[in-house]
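Okay, structure first, notes after.
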Amino acid sequence: MNVLKVSRWTIAAFVLPCLLLYVGLVFAPILVSFYNATLNWNGIGVAKHVGLDNFQRMFTHDSVFWPSVRRTFMLAGFSMLVQLPIALFVAILISRYVRKPNFLVSSYFMPVILSVAVIGQLWKTIYNPASQGGMINQILIKLGLGDWTHAWLSEPKVAIYAIIVIGLWQYLGYHILIQFTGIQNIPADIYEAAKIDGAEGLTADRYITLPMIVPIFKISVVLSFIGSLQSFDLIMVTTAGGPAHATDVLASHMYNISILSQKYGYGSAIACFLVVVCLVATVIINFLFNRLDRRYN
Amino acid sequence: MNPSASIAVREPTVSARRRGFSLKKTIVFGFFGILLVTQLYPLLWLLIYSLKTNEEILSGSFFAMPASVQWTNYSNALAGGRYWHYLLNSVIVTSATMVCVILLASLAAFAITRFRWKYGQLVMLIFLMGMMIPLQSTLLPLMLIFKNIHILNTRWAMILPYIAFQIPIAVFIMSGFLRTIPHEIEESAIMDGANVFRIFRSIILPVSVPPIMTVCILTFINVWNEYILAATFISKEALKTLPFGVYSFVSQYSVNYGAIGAFLVLGALPVILVYFLLAEKITKGMVAGAVKG
Amino acid sequence: MITTGKKVAGTAMAGFLAVSLAACGSSKDNNNGSDAAASPSASASTSASASASASAPASSDSGSKEKVTITFQNIYPDPTDPKYNMLRKIVKQYETDHPNVHIELDSLNTDQQKQKLKTQAASNEVPDITIVNPSAQMKPYVDAGLFAPLNEMVEQNGLKDTFQSGILDYYTFDGNLYALPDGNNIALMYYNKALFKQAGIDAPPTTFEDLVADVKKLKDKGIQPMTIGEKDTWTGSFLFMNMLLRTNGGPGFLQDIVDGKKTFEDPAFKGAVDSFETLVQAGAFQEGATSFDYNAGENLFKTGKAAMYFMGSWATGGIEVSDANKDGNVGVFKFPTIGGKGDPNEFMLAPGSAFAVSKNSKHLPETLDFLNYFMLNYPKEAFAAKGAVGVAQKVDGDFKAAGYSDMAMEVLAMFKDVKGGDISFDNTMNPATSQAHLSSIQNLFVAKKDAAAVAKEHQQAYEDNKE
């Protein structure tokens with residue numbers, strides 16, 4: 001239960017500047033977007049009101065839409081179910097075994113700092129077809145697994161998975177950092193007390209680390225989910241959503257529609273969908289974690 | 001009122017007892033090593049890349065070294081790329097954003113997590129919703145707003161939206177950490193007669209150094225490399241930031257990859273520096289003082 | 001508690017105000033300080049009114065003319081590109097001749113400039129001078145009344161006559177000219193003579209059937225026949241349209257569609273699709289072509305790894321100085337006929353990006369005057385900088401003497417043979433239809449599809465997106 005009882009002025013002083021700036025510059029444009037979604041507009045000239053037509057079209061007539069939704073969720077799913085547990089695992093290992101964790105944690109964070117342009121170029125040399133000297137394919141051939149070579153970024157069935165791998169790799173350090181900081185926040189005496197009771201190592205982790213890291217883990221889950229949904233740069237740099245929409249996700253589809261096809265109204269409808277999905281997911285995640293929190297505390 | 005005891009950071013449990021060879025340890029460190037290589041190789045790769053010619057880059061296989069070191073890439077980046085000028089602007093914009101974000105977000109997070117207040121959760125939800133908003137969809141409305149309050153083509157047209165977009169994540173992270181601080185801290189402080197602001201300044205802030213540093217780093221990275229928003233609202237050469245320099249080497253039918261590589265290396269250096277500096281502070285901050293109940 | 005709260009709120013507000021004033025001041029100083037080349041000027045673009053009034057008294061110019069800043073948005077950001085220096089040379093000269101004018105250059109890469117212009121257009125903030133692509137791509141802006149007509153300006157100083165005949169039509173709507181192009185290019189096949197010889201090919205193909213046969217010969221020798229940067233979907237479309245130009249027996253297919261005389265299910269279109277697929281299935285293009293962007297694709301040719309490269313003549317500059325062209329190893333030939341149809345002297349035309357002037361420019365007369373000056377000097381400077389192949393204006397001068405390469409001379413000779421042609425799909429059709437087309441063609445690189453199905457796809461997209 002929150003303890004501090006304060007006057008409304010104090011609350012305002014603490015919250016308002018932040019809230020107002022944010023609502024004005026982030027929220028208001030989204031509301032404008034919601035309005036734009038009801039228009040047939042190329043962004044430059046005159047707009048025409050079409051009510052919910054854009055939404056109807058999006059759900060029923062757009063052959064790119066649902067596959068891109070599927071891919072977006074796939075990206076999010078892999079992030080949450082593969083990347084995060086690995087990050088947590090690594091964070092626990094580091095806190096357990098490494099005396100000067102700084103260097104390691106900082107180094108793992110490197111890919112996050114690099115711009116997507118660099119990462120895209122790098123992974124292209126990794127994924128290039130065998131005839132262009134791509135690293136993976138060359139290794140496969142040397143191992144005698146020539147049949148398994150692919151043009152990783154050009155084959156429609158494989159490309160999205162190739163991109164997912166890049167995403168998982170890039171942000172691993174990001175989540176390791178967050179989880180690690182969370183683990184470090186757990187007071188050491190709890191572990192001492194547990195040791196006295198005979199529990200240490202993995203057992204200690206199960207009963208102490210995991211429950212106590214729940215709020216921090218939640219941060220990672222939400223960030224990773226939202227990050228996946230907004231994932232755009234990486235797709236654009238590697239495949240631009242191609243070939244023929246095989247790697248399009250919601251954000252890139254929205255970009256193509258709004259900017260390239262100049263259907264700004266329709267693109268806004270997609271943006272609305274994105275926002276709503278994020279909202280629903282965040283509420284669900286919040287709810288689940290609160291349940292988890294209450295169980296352990 | 002002062003923290004009565006400081007907690008030690010969780011010390012590695014594999015202590016001096018286990019000297020010498022240990023299979024578990026070798027495996028673990030081997031794993032760390034492999035991970036290290038995969039995470040750090042890109043930097044090395046970028047360095048090599050920045051010293052190649054365009055042809056070498058584009059035909060690049062994974063391990064190829066340049067035939068001859070192209071230092072001209074760096075001279076192109078520094079001179080034509082106007083590195084120092086853009087660097088200064090980036091520093092100004094990024095630090096202003098960082099300071100404001102930390103201030104505003106910690107105030108708000110503190111209020112949401114510690115005040116007894118009806119609307120706390122609602123406000124939190126409003127902030128959360130903002131995290132999902134893709135930048136591109138706000139460009140047009142923001143342009144209209146900025147045009148009407150006459151800040152187009154000024155530093156504010158960059159700083160204000162950067163702050164606004166970083167706030168949700170910052171509030172989120174700060175609240176997450178603040179929630180883990182036991183309430184007893186405040187109780188004892190209130191009994192000693194301190195008011196809210198005192199509590200915030202003298203107790204909560206020092207304890208929050210780790211999340212603050214995390215927010216610092218995240219903000220820094222997001223703002224330092226940001227290009228689309230800046231390019232849309234800024235047209236004056238005098239205000240342009242580092243990413244402009246990177247993209248300036250992209251022409252209509254050709255791209256000077258070598259110069260871009262050099263520019264990226266030069267642009268990444270400050271980030272890496274700042275990151276390592278702050279990372280020090282994170283671990284130091286943790287040792288210096290969380291409060292025990 | 002209450003009073004403290006109010007006090008703090010008040011202090012916070014005051015603090016915020018102080019910070020904003022300070023920042024206002026610092027940006028003011030930066031306006032005047034870091035922009036060393038320019039004297040303090042009343043800027044044409046919006047800025048806080050405080051700084052505007054403060055800088056006026058600071059101006060030291062004793063002239064009676066009002067200080068003018070013109071924003072020149074352009075797509076030559078690369079300092080290592082000769083066009084960059086050309087631009088700045090002309091600008092500097094103009095500023096010296098007209099000391100009251102300052103040209104503020106906003107140089108961006110192509111994609112970002114397109115996006116930015118769109119955003120600026122939507123909020124009526126179009127810069128004084130900007131860049132647009134011809135015909136269908138600039139039409140939305142013209143329809144929204146954003147550009148100033150250039151009819152009068154182009155008559156001054158005989159500017160109109162410097163342009164090649166007919167080129168200005170691509171920038172004219174309803175009798176009004178709205179933009180002046182920086183280039184005019186045609187599509188050619190570049191080829192690597194040594195690789196041809198290796199595969200036993202004596203002369204460049206003149207028919208499509210020969211082309212496919214040559215592709216097979218090259219492949220048999222382990223040589224990459226052609227290269228393309230299909231991550232940038234316009235490259236595949238460009239090639240396809242050239243085939244359509246042949247199978248249609250002449251230009252104007254898309255225009256016939258727009259006029260309702262034909263549909264995409266016309267045999268000419270299907271014939272082009274079939275030919276395109278034949279080429280792809282024969283293995284002409286490199287593996288993974290759809291993840292090669294324009295530069296990567298061109299690079300394969302420039303490093304001598306591919307034998308043929310279909311591209312616009314703007315690529316000449318880069319190819320001239322590449323490894324592949326050592327000892328004049330690269331030649332050009334015209335796109336062949338298909339099934340005996342089409343005239344090789346009809347080319348894919350690529351009128352260049354063009355400079356347009358904002359109708360709401362705060363300094364319209366000065367801007368028009370500057371642009372006139374700029375375009376007059378453009379061909380001269382381009383010639384001197386060896387970039388005159390592909391300029392939209394007539395260039396006088398002895399190219400050979402000026403040091404232009406043999407390959408450049410060959411390309412220039414091709415220009416003389418031009419009897420007509422088509423412009424690209426995305427310069428003819430509206431953006432949404434174009435996107436569908438680009439995607440459809442890109443798909444042909446990864447999957448074989450029935451020509452009738454492709455035609456239907458196009459027709460459907462065209463009808464869905466008709467305005």
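Chain A forms more heavy-atom pairs under 4.5 Å with one residue of Ile145(B), Thr38(B), Ile169(B) than with any other, namely Thr38(B). Counting heavy-atom pairs closer than 4.5 Å to chain B, the top residue among Ile219(A), Ile178(A), Val15(A) is Ile219(A). Looking only at heavy-atom pairs under 4.5 Å with chain B, the residue among Tyr255(A), Phe103(A), Tyr174(A), Tyr108(A) that has the most is Tyr108(A). Your options are Phe232(A), Trp123(A), Tyr264(A), and the one with the most heavy-atom pairs under 4.5 Å with chain B is Tyr264(A).
Here Trp45(B) contributes atom CH2 and Ile119(A) contributes atom CD1; the two are 10.0 Å apart, rounded to the nearest 0.5 Å. To the nearest 0.5 Å, atoms CD1 (Ile260(B)) and CD (Gln121(A)) are separated by 8.5 Å. In this structure, the separation between CG on Asp233(A) and CD1 on Ile228(B) is 6.5 Å, given to the nearest 0.5 Å. Rounded to the nearest 0.5 angstrom, Phe115(B) CZ and Arg8(A) CZ are separated by 14.5 Å. Distance check, rounded to the nearest 0.5 Å: CG of Leu35(B) to CG of Leu104(A) gives 8.0 Å. Note that the CG atom of Leu223(A) and the CG atom of Leu218(B) stand 8.0 Å from one another [nearest 0.5 Å].
Within the 4.5 angstrom heavy-atom criterion, only side-chain atoms of Val171(B), from C-beta onward, approach chain A. In this structure, chain A has a heavy atom under 4.5 Å from the side chain of Tyr257(B), while its backbone stays farther away. Heavy-atom distances place no part of Ala251(A) under 4.5 Å from chain B, backbone and side chain included. Using a 4.5 Å cut-off between heavy atoms, Val101(B) does not touch chain A at all. For Ser107(A), the parts lying under 4.5 angstrom from a heavy atom of chain B are both the backbone and the side chain. Residue Ile173(B) touches chain A through both its backbone and its side chain, counting heavy-atom pairs closer than 4.5 Å. Contact of Val116(A) with chain B is not made at all, since no heavy-atom distance falls under 4.5 Å. Of the atoms belonging to Leu36(B), heavy atoms from both backbone and side chain fall under 4.5 Å from chain A.
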What side-chain donor-acceptor pairs closer than 3.5 Å can you find for residues 20-29 of chain A, not counting sequence neighbours?
| unit_1 | atom_1 | unit_2 | atom_2 | d |
| --- | --- | --- | --- | --- |
| Tyr22(A) | OH | Ile126(B) | O | 2.6 |
| Tyr22(A) | OH | Phe127(B) | O | 3.3 |
| Tyr22(A) | OH | Gly130(B) | N | 2.8 |

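Atom OH of Tyr247(B) has 12 or fewer heavy atoms from other residues, nucleotides or ligands within 6.0 Å. Open room surrounds OH on Tyr171(A); 12 or fewer heavy atoms of other groups in view lie less than 6.0 Å from it.
Using a 4.5 Å heavy-atom threshold, the side chains of Phe31(B) and Leu93(A) count as touching. When side chains are defined from C-beta on, Ile11(A) does not count as touching Tyr119(B), because their heavy atoms never get closer than 4.5 Å.
Centroid-to-centroid, the aromatic rings of Tyr97(A) and Phe32(B) stay 6.0 Å apart or farther.
A side-chain donor from one of Gln39(B) and Trp169(A) sits under 3.5 Å from a side-chain acceptor of the other.
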